[in-house]
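So the structure is just underneath, and the comments pick up after that.
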Amino acid sequence: MATNLKIDGDRLWRSLMEMAKIGATEKGGNCRLALSDLDREGRQLFIGWAQQAGCTIGVDRMGNIFARRAGRNDALPPVLTGSHLDTQPTGGRFDGVFGVLAGLEVVRSLNDAGFETEAPIEVVVWTNEEGSRFPPPMIGSGVFAGVFDLAYGLDRPDLEGKTIGQELARIGFAGDRPCGGRPVGAYFEAHIEQGPILEAEAKTVGVVTGAQGQRWYEITVTGQEAHAGPTPMTRRRDALVGAARMIDAVNRIGHDHAPYACATVGFAQVSPNSRNTIPGKVFFTVDFRHPADATLSAMDRVLRDDCARIAAASGLEVDVKEFWYFPPTPFDHDCVAAVRGAAAGAGYPHMDIISGAGHDAVYMARVAPTAMVFVPCENGISHNEVENARPEDLAAGCDVLLQAIVARANAPVR
Ligand SMILES: [Zn+2]
């Protein structure tokens, strides 16, 4: 499958640094909130580059941008690659941007080599991946994949009440193409890992085999408020003590399902939250993640049993409400194999890895054969201005992306 094609790592790095000037922050990060004036500037810079590379540009109703390089058989479904240009308010220079500009670098490299692919290639910029300005995240790819309908997507408001539809019109990106509903041959997304595993294992490339499933809960523990002085220890129904034991149980459930499980309590409210009153009520959230649905279900059972047992032993009531469920998303076997083959063929140290975060690829996996390429990021940190990645790792990830795309575009599934 290996070709003599090579990407230009310096050109990729220069483009990343040029894009990073738009919305640059003092600490070396980026702030390009979705559909802001800075997002428009970033989109226009990308479109200019893509046009120089001979691509034709299409924009759909959700403002997703598609830069298309024709194939020898242009009627074949395109191989899509890309990610997002929007960032968190204190975001970094690589999250999302790397996937978009790696896709552009693939096109530029194919042009340099005069290499035609059988199927067309499209580099896509998805709208509002971060969900920071307009919740929920991954809305552009979500509408494309039919997870949300178009009206829902366009109506999402920011904190000031401005909607995605209004802001798309304001910045000139309310496109006229239908969002989704067309065949896609395959989807490949390159991304920084946003976790510490590749760095710790000294691997250059992560072959992403899928994304974790998630179960989120809201738990309310009810006891009885009473005066902290006159109430003897034996007569208390302290909701906070019960909640503390349950939180400890959540943490233990995570450790008991190592190495892939994650279990987090990130939000808690104590009522009445007064220093000389025994707490009568505690509300807290639980976030469980694991790549295997069966394990997530097992974690669910232990959580419910532990909460009921702890409540009963402490004279408390507990309500465990499942708030959100997102099933594990295995990526396409052949696309994953194309990524693994490309990494092995080029001799890059690589390993299989599961994505801990959500990505546009997770929604695209519902409508197209999908895979992702991860590269390490410094200390596993992202969604932070100090987010950093090494030029040689980004070049390696882009090179793998090129080989995987060419393999797929030249052996399209008809
Ligand atoms: Zn991202």
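Order of listing sets the numbers, starting from 1, for every ligand and every atom in it.
- Among the atoms of H359, none of the N, O or S atoms falls under 2.8 Å from the Zn ion (ligand 1).
- Using modelled atom types, one side-chain atom of E193 and one backbone atom of I197 make a donor-acceptor pair closer than 3.5 Å.
- With respect to F288, the ring pair (Phe, Tyr, Trp, His ring centres under 6.0 Å) criterion is satisfied by exactly one of F323, Y217, W216: Y217.
- A salt bridge is absent between R245 and D248; no separation between the charged side-chain nitrogens and carboxylate oxygens falls under 4.0 Å.
- Residue-level check: among N/O/S atoms of H84, NE2 sits closest to the Zn ion (ligand 1).
- When you scan the N, O or S atoms of D95 for the one nearest the Zn ion (ligand 1), you land on OD1.
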Please tabulate, for side-chain N and O atoms in residues 95-104, each donor-acceptor pair with protein atoms closer than 3.5 Å (sequence neighbours left out).
residue, atom, partner, partner atom, Å
D95, OD1, H84, NE2, 3.2
D95, OD1, H191, NE2, 2.9
D95, OD2, Q194, NE2, 3.1
D95, OD2, H383, NE2, 3.3

